[in-house]
Amino acid sequence: MAVEFGGAGGGGVTLSEMYQNSRKLLIRTRDGLERLERLEYSSSTSTAIDSPDLSFSVKKDIAQIQSLCLDMDRLWRSVAAKSQRDLWKRKVEQVAEEAESLKQSLDKYFLRTQKRINEARERAELIGRANGESSHVLRIFDEEAQAMQSVRNSSRMLEEASATGEAILFKYSEQRERLKRAQRKALDVLNTVGLSNTVLKLIERRHRVDRSIKYAGMLFTVIIVFFFWRWTR
């Protein structure tokens, strides 16, 4: 299946390639969740420090899978053959359901982690009232709670930036199609009234300039989203 999605660089990614990428991300995300669950019951200090970074990576992969599902959902609708269209619809829906299930598992992990932190803080406060030496223990748990909150905030900012960039790119794609249709209509009208080839060439040149400006804008948007993502990390 060679249905393509036009990106900011002017190239195309096929529906099949998007699907393969989403399946690879699902495997990596599922593995990351399993590692998180193993770390969840580990008493090792080093693994506890690594856990927020791993959970952020899993959260980012899930957001990327959901973004791919949105793109694939637009593409399978343009498949000409109904049998192929129905097949791709089922595949995309399956990926979306798996991504949602992984997201729910990760949310439950965050809830359990927060619950353990709260319970540990309460225990430390009780111990502190008994012997007056809980400040160090409380500081450790406060730092872990702040790290988890930072992960959630970074994940939310990344999702918002990704959604904004995708919406902008989709608008550019729609504008490109409208410009193409307008150009075809204009050329039909000009050919009908018999205007000279010189005028047609001027219009074509202007269209190339507009297209260059559009692609530059799309590239600039992608760069801004990339640097914003790097900054939030």
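These figures come from a predicted structure and were not determined experimentally. Along the sequence shown, residues carry numbers from 1.
Looking at Asp107 and Lys59, their side chains come closer than 4.5 Å, going by heavy atoms from C-beta outward. Counting heavy atoms from C-beta on, the side chains of Arg28 and Arg23 never come closer than 4.5 Å.
Ser105 places a side-chain N or O within 3.5 Å of a backbone atom of Ser101 that can act as its donor or acceptor partner. Using a distance-only test at 3.5 Å, with no hydrogens or angles considered, no donor-acceptor pair links the side chain of Asp31 to the main chain of Ile27. Using modelled atom types, one side-chain atom of Arg85 and one backbone atom of Ala80 make a donor-acceptor pair closer than 3.5 Å.
Here the closest non-hydrogen pair linking Ile65 and Ala99 is CG2-CB, 3.6 Å.
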With side-chain contact (heavy atoms from CB on, under 4.5 Å) as the test, would you mind laying out the steps for Arg35 and Arg38 before giving the verdict? CA-CA 5 Å; Arg35 289 171 58 196; Arg38 290 195 297 268; 3.0 Å; yes

Check step by step if side-chain contact (heavy atoms from CB on, under 4.5 Å) holds for Tyr19 and Leu15. CA-CA 6 Å; Tyr19 178 78; Leu15 180 57; 5.7 Å; no

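No side-chain N or O of Asn118 forms a donor-acceptor pair with one of Glu122 less than 3.5 Å apart.
Residue Arg30 qualifies as enclosed at atom CZ: its count of foreign heavy atoms under 6.0 Å is above 12. Counted within 6.0 Å of CZ on Arg112, heavy atoms from surrounding residues, nucleotides or ligands total more than 12; the atom is thus considered enclosed. In Lys89, the NZ atom is not crowded: 12 or fewer heavy atoms of neighbouring residues, nucleotides or ligands sit closer than 6.0 Å.
To the nearest 0.5 Å, atom CD of residue Gln64 and atom OG1 of residue Thr29 are 8.5 Å apart. Note that CZ of Arg74 and SG of Cys69 are 11.5 Å apart. Values are rounded to the nearest 0.5 Å. In this structure, Met18 CE and Ser67 OG are separated by 8.5 Å, a value rounded to the nearest 0.5 Å. Here the NZ-OG distance, from Lys60 to Ser55, works out to 12.0 Å after rounding to the nearest 0.5 Å. Atoms OG and CE, from Ser16 and Met72 in turn, are 10.5 Å apart once rounded to the nearest 0.5 Å. Note that OG1 of Thr14 is 9.0 Å distant from CD of Gln20, once rounded to the nearest 0.5 Å.
Of the options Leu106, Leu26, Leu25, a side-chain contact (heavy atoms from CB on, under 4.5 Å) to Ile62 is made by Leu106 and by none of the others.
Leu102 and Leu70 are assigned to two separate hydrophobic clusters, defined by single-linkage of ILVMFWY side chains at heavy-atom distances under 4.5 Å.
With respect to the salt-bridge test (charged N to carboxylate O, under 4.0 angstrom), the residues Glu37 and Lys108 do not qualify. Arg90 has no carboxylate O lying under 4.0 Å from a charged side-chain N of Asp86, or vice versa, which leaves the two without a salt bridge. Under a 4.0 Å N-O distance rule, the pair Asp73/Arg77 qualifies as a salt bridge.
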